[in-house]
Number of protein chains: 2
Amino acid sequence: MFFLKDLPSEAMIRGVTADLPDVSPGHVLSVLSHLRAASVLMRDIEAYLRGHGLSQTQFLAMMMIMREPERTSLSAVEIAARLDISKPVLSKVLASLTDKGLIAPAASQPADRRQKQLSLTPAGKQRFAQVLPGYFQLLHAANL
Amino acid sequence: MFFLKDLPSEAMIRGVTADLPDVSPGHVLSVLSHLRAASVLMRDIEAYLRGHGLSQTQFLAMMMIMREPERTSLSAVEIAARLDISKPVLSKVLASLTDKGLIAPAASQPADRRQKQLSLTPAGKQRFAQVLPGYFQLLHAANL
DNA sequence: TCCATATGGTTAGCATAATAACTATATGTC
DNA sequence: GACATATAGTTATTATGCTAACCATATGGA
């Protein structure tokens with residue numbers, strides 16, 4: 001995660017986009033500022049989570065499982081759809097969380113034997129509870 | 001680049017942060033929405049640039065060199081500072097741009113032999129000019 | 001029933017990011 | 001002048017993302 005530290009000046013954008021009448025330099029600069037702020041925040045979040053032994057994706061995968069009001073488990077494709085990441089990435093993330101003992105196959109598996117339902121272990125729930133408040137405080141403190 | 005597709009509801013955030021009085025659920029949700037929008041835009045930008053044979057970092061490194069009003073070259077550390085990325089990443093990015101023939105060592109090298117000044121080649125300037133308008137149009141079209 | 005097609009998940013290979021550790025060159029102080 | 005320290009850049013290692021290709025299981029139509 002990264003993004004430009006030195007944003008282009010509005011004058012520079014205006015010069016480059018002079019022949020693009022549908023592009024407003026002020027708006028483009030505002031979008032760039034937001035991108036910069038978002039990337040800095042994501043970097044901060046990743047550093048915070050890494051301090052707790054988790055990548056952002058690992059943390060969010062746990063959140064997706066915890067968040068289901070009616071259920072205690074989810075299948076891999078359900079998690080991938082909610083996170084908007086590719087299946088292979090999720091496959092690795094789930095393997096890593098399993099290795100850490102934070103998630104495990106759910107007690108009841110579905111009839112469809114292609115699927116694996118996954119639940120948080122007690123250790124997983126505890127880790128998640130430890131990390132969540134600081135995560136929301138970081139989000140709250142962001143000026144975005 | 002990615003971020004949550006299904007954002008948590010404000011009620012869910014409120015429940016989790018009930019004992020954090022300094023965290024406002026509405027504000028947290030707004031920050032999450034901005035993060036989501038920023039990550040989607042970055043993914044779109046990366047896809048656009050990849051279609052032109054460049055990664056985002058490669059493109060931005062070229063922009064940093066082009067952008068200097070008084071100069072036609074920059075050293076690696078100057079580029080890294082403006083982009084806010086680590087030196088090793090920049091080292092690879094510059095090697096890759098050199099392999100593509102888009103940048104080359106500048107005609108005049110500084111006395112300090114540790115440094116390498118880098119300029120855009122004619123092919124580099126042409127590629128940059130091809131790509132830039134679409135880049136700004138993507139930024140302009142973003143609702144961020 | 002059987003075969004084509006779809007879906008869930010993993011593996012393989014590539015690109016890009018980070019930190020740590022390295023080489024080479026400059027600089028500044030004794 | 002010589003040695004300690006700082007700076008520019010590269011290499012090694014690790015983590016995380018992607019697409020493409022691959023198994024295994026389900027499903028649906030002839």
Side-chain angles (χ1 to χ4, degrees), chain A residues 1-5 38-40 42-62 73-100 103 105-106 109-118, chain B residues 1-5 38-40 42-62 73-100 103 105-106 109-118:
Chain A
M1 187 65 47
F2 82 99
F3 202 71
L4 279 183
K5 191 166 192 172
S39 68
V40 167
M42 283 204 213
R43 194 153 32 172
D44 289 347
I45 289 173
E46 277 165 14
Y48 167 73
L49 293 174
R50 193 157 37 243
H52 289 269
L54 293 171
S55 73
Q56 180 171 212
T57 309
Q58 287 167 3
F59 173 72
L60 291 177
M62 292 173 74
S73 66
L74 279 182
S75 73
V77 280
E78 288 175 314
I79 299 172
R82 286 163 174 73
L83 293 183
D84 203 9
I85 60 176
S86 65
K87 283 195 302 178
V89 169
L90 190 73
S91 190
K92 278 191 185 176
V93 164
L94 296 180
S96 159
L97 286 172
T98 303
D99 288 350
K100 292 183 214 273
I103 64 171
Q109 289 295 320
D112 186 334
R113 283 181 310 176
R114 292 172 304 181
Q115 286 186 19
K116 275 195 224 168
Q117 291 284 316
L118 295 156
Chain B
M1 187 66 47
F2 82 100
F3 202 70
L4 279 182
K5 191 167 193 172
S39 69
V40 168
M42 283 205 214
R43 191 153 33 174
D44 289 347
I45 289 172
E46 277 165 14
Y48 166 73
L49 293 174
R50 193 159 35 245
H52 288 269
L54 293 171
S55 73
Q56 180 172 212
T57 309
Q58 288 167 3
F59 172 72
L60 292 177
M62 293 174 74
S73 66
L74 278 182
S75 72
V77 280
E78 290 175 313
I79 300 172
R82 286 163 173 73
L83 292 184
D84 203 10
I85 59 176
S86 65
K87 283 195 303 179
V89 170
L90 190 73
S91 190
K92 279 193 183 173
V93 164
L94 296 180
S96 160
L97 286 171
T98 303
D99 289 349
K100 293 181 214 271
I103 65 172
Q109 287 296 317
D112 186 335
R113 283 183 309 177
R114 293 170 305 181
Q115 287 185 19
K116 274 195 221 166
Q117 291 284 317
L118 296 156

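What you see is a predicted model, and the numbers here were worked out from it, not measured in a lab.
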Within this structure, what is the [atom1]-to-[atom2] distance between [X] and [N], rounded to whole angstrom?
| X | N | atom1 | atom2 | answer |
| --- | --- | --- | --- | --- |
| B:Q115 | D:dA6 | CD | C1' | 13 Å |
| B:I85 | C:dT16 | CD1 | C1' | 10 Å |
| A:E46 | D:dT14 | CD | P | 20 Å |
| A:M42 | C:dA18 | CE | P | 14 Å |
| B:F59 | C:dA15 | CZ | C1' | 19 Å |
| B:Q56 | C:dA15 | CD | P | 18 Å |
| A:R50 | C:dA20 | CZ | P | 11 Å |
| A:I103 | C:dG9 | CD1 | P | 12 Å |

Q | Check: B:Q115 side chain, B:D112 main-chain N or O, donor-acceptor pair, under 3.5 Å | A |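 Flag not set: sc B:Q115 to bb B:D112 has no pair under 3.5 Å.
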Q.
Please check: side-chain N/O of B:S91 versus main-chain N/O of B:K87, any donor-acceptor pairing under 3.5 Å?
A.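 Answer holds: no.
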Q.
Near DNA chain D, counting only heavy atoms under 4.0 Å, which residues of residues 88-98 of chain B show up?
A.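 Heavy-atom contacts with DNA chain D come from B:P88, B:S91.
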Q) Between B:S55 and B:E46, does any side-chain donor sit less than 3.5 Å from a side-chain acceptor? A)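 Checked: B:S55/B:E46 side chains show no N/O donor-acceptor pair below 3.5 Å.
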Do the side chains of [Y] and [X] get nearer than 4.5 Å, heavy atoms only?
| X | Y | result |
| --- | --- | --- |
| B:K116 | B:L74 | no |
| A:Q117 | A:P105 | no |
| B:L54 | B:L97 | yes |

Under 4.0 Å: is that the gap between some side-chain N or O of [X] and OP1 or OP2 of [N]?
| X | N | result |
| --- | --- | --- |
| B:T57 | C:dA17 | yes |
| B:R113 | C:dA26 | yes |
| A:K87 | D:dC18 | no |
| B:S55 | C:dT16 | yes |

**Q.** More than 12 heavy atoms of other groups within 6.0 Å of A:K100 NZ
**A.**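 For A:K100, atom NZ is crowded (more than 12 foreign heavy atoms under 6.0 Å).
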Q: Using a 4.0 Å heavy-atom cut-off across all strands, classify A:S86 as base, sugar-phosphate, or nothing.
A: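 Answer is base: heavy atoms of A:S86 come under 4.0 Å of a base.
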(Q) Any base atoms under 4.0 Å from B:A111, or only sugar-phosphate, or nothing? Heavy atoms, all strands. (A)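 Sugar-phosphate, no base atom in range.
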Q.
Any donor-acceptor pair, under 3.5 Å, between the side chain of B:R114 and the base of D:dT7, if you only look at N and O atoms?
A.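 Under the 3.5 Å cut-off, the side chain and the base do form a donor-acceptor pair.
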